[in-house]
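Reviewing the structure listed below.
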Amino acid sequence: MISKSRIIFICSFIFILPGFHLSAQKGNELKPKAWLLKKIDESLDESAKQYLYLMKQLPPERFPVTYYEKNKELFTSGPEPWLAGFYPGVLLYLYESKGNVVLYNEALRKMKAIEKEQYNKTTHDLGFMMYCSFGNAERIAPKPEYKSILVNSARSLSTRFNQQVGCIRSWGSGPSQFMVIIDNMMNLELLFAATRITGDSSYYKIAVTHANTTMKNHFRPDYSSYHLVIYDPETGAVIKKQTVQGAADESAWARGQAWGLYGYTMMYRETKDPEYLAQANHIAAFILNHPNLPKDKIPYWDFNAPQIPNTARDASAGAIICSALIELAGYAPSNVGKVYLKAAETMLASLSSPAYRASAGENDGFVLKHGTGNFPKNSDIDVPLIYADYYYVEAMLRYKNLQVK
Ligand code: GLY
């Protein structure tokens, strides 16, 4: 349970913190490097060209997921799955960077198809779906309709919250089936936006309670995290901790660690509670000090994958970690912030190199190669992934924004 003093501490911040996640790093003297800014500018130009190509490959109301080079096959989805918000999100980021209205109009067109998901109570992924799309659209050009969609989405997400467990349900139903995955930390940003828009602190309190419960139950003493924790929905007791997309129940699935790092960095931005900053710092230390983190700092799909070094990387995990580290660098003490920024610079340089970034016309329009979706299911291994592109473009914009301080 969340303590009374903590609620008071938290509530005092509700109405004064902005949620501008592209320029949240205001703490330290962090200077971007001129050579990397040049590389990023070139990469943003190329990324915009790639997406102008990708949009032409898509049937109306379809969303890009991945591309298999071997069969030259583009995989798309409708607006329902967890990743539908990333495509409009990339387009909006690229529009912000390049000012090309063709990208903006394509984003708005696709968002029309996602709009109805604001009432979808069957998924916990509404943060990914609605905040990466409508959240960015609202940040760029605020509109009452975006605010209303964000609030309705947060309301739908909140219906999955169980007070006894102290979490939003990810999966499962019935007794012994209250399943929460670490990824769910990413959906909380939407709840903070809803509190800012409405002044109703209930969304904020759900986000904080979920983050506290997850901090207690999802993490091991070394601050790596389990993928899935199963709770008893009646008592809130933990029934089981295990993996789904990782190599083993006790392993550190790379994207899970990335979601945790990004999630607690965002929690600190939104609440200024030092416990979240400490948690994000611990997760960063686990990742950056891990002996299996390669020299280019793009992780294998699982830090404990038994086949390392002969196994797939996950560029999506690299991009998420990179974006989170750039933000966290601004909150950490100056010497630690510099270490984070240096690691993020290595990641940005790696991802922007031909080893990971597709050349114009390659990859069917996706920007990054070498993502891994679900290794144990043998699904989407060593391929482009729409969410890898989203967090890579976000990381580039965050890095560029270090100049604006
Ligand atoms: N939330 C799904 C994933 O990270 O694969």
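Indexing begins at 1, ligand by ligand and atom by atom, following the structure's order. Heavy atoms only: backbone and side chains are in, while hydrogens, waters and symmetry mates are out. In this chain, numbering begins with 1 at the start of the sequence shown. This is a predicted model, so every value here is computed, not measured.
For ligand 1, the protein residues within 4.0 angstrom (heavy atoms only) are Trp82, Asp183, Gln245, Trp253, Arg255, Trp259.
A 4.5 Å side-chain heavy-atom check between Arg357 and Leu351 finds every atom pair outside the cut-off. Here the side chains of Trp301 and Ile308 are not in contact, with every heavy-atom distance at 4.5 Å or above.
Listed by chain and number, the residues in a side chain to side chain donor-acceptor pair (under 3.5 Å) with Ser133 amount to none (sequence neighbours excluded).
The pair Glu189-Arg269 meets the salt-bridge criterion, since a charged nitrogen lies less than 4.0 angstrom from a carboxylate oxygen. A salt bridge does not link Lys72 with Asp364: every distance from a Lys NZ or Arg NE/NH1/NH2 to an Asp or Glu carboxylate oxygen is 4.0 Å or more.
Across every non-hydrogen atom of Tyr104 and Ala141, the tightest pair is OH-CB, 3.7 Å.
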